[in-house]
Amino acid sequence: MTTTTILLLLVSLLIAAGLSFFQYFYKVANKSKVTLLLAFLRFFSILGLLVLLINPIISNKSSEVVKTPLPIVIDNSSSITDLKANEIALDLFKKLSENSALKEKYNLQTYQFDEDFEPTDTIDFKGRQTNIDAVAKNLKNIYKNQTFPTVLITDGNQTSGEDYVFGFNPENKVYPLVVGDTTTYLDLKVSQLNVNKYAFHKNKFPVEVFLNYAGTKSVKASFKVLQGNSVYGEQTVAFSPSQKSIVLTILLPADKVGLQIFKAVVSSKEQEKNSYNNTKNFAVEVIDQKTEVALISSINHPDLGAIKRSIETNAQRKVTILKPNEVKSLENYNVLILYQPTVEFKSVFDSNISSKINTWIITGNTTDYGFLNQQQHSLLFKMSSQKENYLAAFEPQFNLFALDDIGFEQFPPLENAFGSISVNENVTVLLSSKIRNIETNQPLMAFSDTQGKRSAFLLGENIWKWRSQSFVDKKSFEEFDVFVDKTIQFLATNNARKSLVVNHERFYNSGESIEISAEYFNKNYELDQKARLTISVTNTKTKESKQYDLLKTSNAFKTNLDGLAAGNYAFIVKELNSNSTYSSNFEVLDFDIEKQFVNPDLVKLNQLASQTKGTIYMPNQVEKLVKLLLEATQYKAIEKAIVTKTPLIDWIWLLVLIAMSLAAEWFIRKYNGML
């Protein structure tokens with residue numbers, strides 16, 4: 001306590017004593033024991049109140065020695081075992097973490113990492129991936145605004161995360177302790193493979209492959225893409241000490257529908273230490289996008305042949321030209337093209353009420369517009385018997401699908417009846433019409449999308465002239481055919497919304513995160529946050545089944561199925577309240593990314609040491625590392641003075657005692673008739 005506080009306490013004693021004396025002893029003739037008790041109670045109450053006001057503080061001063069932290073971080077991934085360095089790594093870790101001299105100078109903190117970063121628990125070298133960048137990020141968070149060294153026991157081979165070289169704080173030195181055989185062996189490796197996850201049937205899809213070589217002599221190697229015992233692609237490549245990486249692009253045929261698993265293999269006649277990294281599996285889902293199109297017309301016209309040829313340039317489309325009375329069933333068709341419909345088309349429209357097949361209606365001089373108004377409500381036609389030529393004007397705001405202007409305004413005019421055409425709010429115009437450069441503000445080609453039913457309208461005949469003009473201008477039918485193909489693609493796609501939507505991949509690599517997400521919508525197509533979703537996963541070979549709950553996130557339900565062994569799996573997602581279900585399957589490919597390495601990554605670890613002004617060390621140099629850490633003068637312990645201030649008296653208890661004292665004084669005075 002300060003001198004001022006002590007003086008105030010003495011003054012408080014005098015004031016309390018003086019007031020109690022004046023109250024009970026000054027000019028009082030009868031002085032009994034009760035008077036003495038009352039005087040004491042009054043003295044205590046006044047003194048307590050004054051002490052509360054003064055609030056005397058007692059200061060305690062102590063000192064604490066703060067040592068510099070020294071994180072010792074060990075790589076717990078399976079690549080350490082694959083490089084036969086697990087025993088050496090564990091021995092180095094124990095030597096450093098149990099060194100008494102280091103403990104005396106530093107505050108030793110031990111950590112381990114694989115795909116995650118955590119305090120040392122059980123070092124078993126079974127991590128499925130290596131993320132050294134996680135070490136950098138976590139150390140920055142744990143030791144904010146501190147200067148400290150880091151010892152990193154690792155092979156430097158990272159399989160996930162960002163580049164760790166620039167992840168560490170450059171102000172804090174990192175000392176990589178490299179484990180694994182650094183001798184350079186001849187090694188061929190499929191280091192990376194890029195391929196789209198989906199391909200269309202009867203098309204070709206590209207595969208980009210990165211091949212790496214380690215060695216000191218020139219080598220010829222063979223690269224193959226296999227599916228089972230069938231060779232889908234083969235190429236000879238040459239490596240040398242100056243040519244250690246090659247990028248290949250191979251086109252593979254998508255000749256089978258469904259999930260197709262391939263194997264990329266590079267090999268040579270030379271003996272290799274590690275042949276596991278010579279192979280990389282990949283998978284592509286081949287989609288059969290076959291679209292059956294019924295082109296229905298009651299008349300013969302050059303447009304029919306032009307439309308058929310244009311659509312069938314895509315091998316996934318097949319067009320059948322029919323007359324209305326030849327249509328027996330619509331079940332085999334995905335898209336209907338109704339060319340200049342008349343009353344003869346009534347049976348087709350009636351059949352399509354139940355089939356709900358998307359349609360493309362093309363009008364012309366023989367179209368019955370009164371009948372057409374009865375069969376659809378997207379456009380309202382008020383047409384005369386007079387013919388008119390309509391030029392096209394492209395609408396750049398069209399956004400139903402991506403389409404460039406292929407020169408529509410330079411195309412010959414289409415012929416149609418003269419009149420007015422009204423559109424409803426669900427119609428989007430792609431091409432508006434003009435008559436001799438005068439805008440009509442009416443559509444020439446438009447699309448509608450109402451309650452999952454899609455329609456397209458081309459209001460004019462002689463589209464064959466457009467295809468011919470496109471060839472004259474571009475020396476190719478390609479641009480026009482793409483325009484027609486995108487129209488068919490729009491109509492062939494069904495966008496009916498489902499209540500249960502599940503997102504997943506058709507295949508995963510072993511060791512990767514297997515995440516499946518789902519959304520459940522109520523009858524108003526609003527995301528139902530109260531949905532209860534479960535997933536049942538079954539191995540199709542062993543029939544072993546597991547069930548999980550999908551946990552709610554901010555905008556979806558998710559589950560993580562990490563740890564599944566390689567194999568084929570079928571799964572069912574179920575919403576328990578409505579019993580809605582979704583079933584599908586996926587495959588976990590047998591691929592261990594940690595087995596890809598034959599040497600530590602000395603280049604990266606040297607870059608890390610250089611970036612942080614540290615030094616790289618080998619296992620036989622651990623004593624040099626210990627000596628350097630002990631002699632480092634910038635990492636000195638700091639003695640901190642700690643001053644703790646506590647109140648002399650707990651104010652709560654003092655208030656209770658003051659209240660009790662005042663109450664006791666009042667009752668005693670009341671009892672003795674002194675009030």
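Everything numeric in this text was worked out from a predicted model, so none of it was measured.
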Mark yes or no for whether [X], through its side chain, and [Y], through its backbone, hold a donor-acceptor pair below 3.5 Å.
X	Y	result
Ser476	Glu478	yes
Asp404	Ile406	no
Gln158	Asp133	yes
Asp405	Phe408	yes
Ser351	Ser347	yes
Thr534	Tyr548	no
Glu515	Asn560	no
Ser384	Gly419	no
Asn334	Glu292	yes

Could you give the distance from [atom1] ([X]) to [atom2] ([Y]), rounded to the nearest 0.5 Å?
X	Y	atom1	atom2	result
Ser513	Glu115	OG	CD	10.0 Å
Thr359	Leu338	OG1	CG	5.5 Å
Ser160	Asn131	OG	CG	4.0 Å
Leu295	Leu336	CG	CG	10.0 Å
Asn441	Ser420	CG	OG	12.5 Å

Tell me whether the count of non-hydrogen atoms from other residues, nucleotides or ligands lying under 6.0 Å of [atom1] in [X] goes above 12.
X	atom1	answer
Gln192	CD	yes
Glu439	CD	no
Glu331	CD	no
Asn579	CG	yes
Lys204	NZ	no
Lys220	NZ	no
Phe418	CZ	no

Exercise. Please lay out, stage by stage, how His301 and Glu461 fare under the test side-chain hydrogen bond (donor to acceptor under 3.5 Å, both in side chains).
Key: CA-CA 9 Å; His301 197 282; Glu461 62 180 66; 3.2 Å; yes
Under 3.5 Å, is there a donor on one side chain and an acceptor on the other for [X] and [Y]?
X	Y	value
Gln469	Asp473	yes
Tyr232	Gln227	yes
Ser222	Ser267	no
Asn194	Glu208	yes
Tyr520	Ser578	yes
Asp303	Tyr339	yes
Ser245	Asn212	no
Gln340	Thr363	no

Practice problem: Decide side-chain contact (heavy atoms from CB on, under 4.5 Å) for Phe381 and Ser422; before the verdict, give the C-alpha distance in whole Å, the side-chain angles of both, and the deciding distance to 0.1 Å. | Solution: CA-CA 7 Å; Phe381 298 94; Ser422 303; over 6 Å; no
Locate the shortest heavy-atom distance separating [X] from [Y]; write the atom from each residue and the value.
X	Y	result
Val427	Ser378	CG2-O, 3.5 Å
Phe371	Thr342	CE2-O, 3.0 Å
Thr540	Ala570	CG2-N, 3.9 Å
Pro341	Leu372	CG-CD1, 3.8 Å
Leu491	Asn358	O-ND2, 2.6 Å
Tyr390	Ala417	OH-O, 3.1 Å

Would you indicate whether the side-chain heavy atoms of [Y] and [X] approach each other to under 4.5 Å?
X	Y	result
Lys323	Ile296	no
Asn568	Asn585	no
Lys552	Gln529	yes
Tyr198	Asn196	no

Practice problem: Verify whether the ring centers belonging to His504 and Phe586 lie closer than 6.0 Å. | Solution: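 Centroid separation for His504 and Phe586: 6.0 Å or greater.
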Self-check item: Near-ring test Phe480/Phe471, centroid separation under 6.0 angstrom
Solution: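 Aromatic pair excluded; centres sit 6.0 Å or further apart.
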Would you mind checking if [Y] and [X] are paired as a salt bridge, meaning a charged N to carboxylate O distance below 4.0 Å?
X	Y	value
Arg128	Asp562	no
Asp481	Arg467	yes
Glu312	Lys308	yes
Glu575	Arg532	no

Quiz item: Of Phe490, Phe483, Phe447, which is the lone residue that meets ring-ring contact (aromatic ring centres under 6.0 Å, His included) with Phe398?
Solution: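 So, applying the ring-ring contact (aromatic ring centres under 6.0 Å, His included) to Phe398 and each of Phe490, Phe483, Phe447, only Phe447 qualifies.
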Practice problem: Please state whether the rings of Trp466 and Phe411 are parallel, tilted or perpendicular, taking 30° and 60° as the class boundaries. | Solution: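 Trp466 vs Phe411 ring planes: tilted.
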Practice problem: Show your working on side-chain hydrogen bond (donor to acceptor under 3.5 Å, both in side chains) between Glu395 and Ser432 and close with a plain yes or no. | Solution: CA-CA 7 Å; Glu395 296 292 338; Ser432 58; 2.9 Å; yes
Practice problem: Test Leu550 against Lys558 for side-chain contact (heavy atoms from CB on, under 4.5 Å), laying out the working first. | Solution: CA-CA 5 Å; Leu550 276 76; Lys558 293 184 180 180; over 6 Å; no
Quiz item: Between Thr440 and Ser433, is a side-chain hydrogen bond (donor to acceptor under 3.5 Å, both in side chains) present by the stated rule, with each step listed?
Solution: CA-CA 6 Å; Thr440 64; Ser433 64; 2.5 Å; yes
Practice problem: Could you walk me through whether Asn416 and Glu388 pass side-chain hydrogen bond (donor to acceptor under 3.5 Å, both in side chains), step by step? | Solution: CA-CA 6 Å; Asn416 200 27; Glu388 187 58 77; over 6 Å; no
Exercise. Quick one: do Val207 and Thr249 satisfy side-chain contact (heavy atoms from CB on, under 4.5 Å)? Show the steps, please.
Key: CA-CA 6 Å; Val207 180; Thr249 300; over 6 Å; no
Exercise. Could you please spell out the steps behind the side-chain contact (heavy atoms from CB on, under 4.5 Å) verdict for Tyr569 and Thr538?
Key: CA-CA 5 Å; Tyr569 293 86; Thr538 304; over 6 Å; no
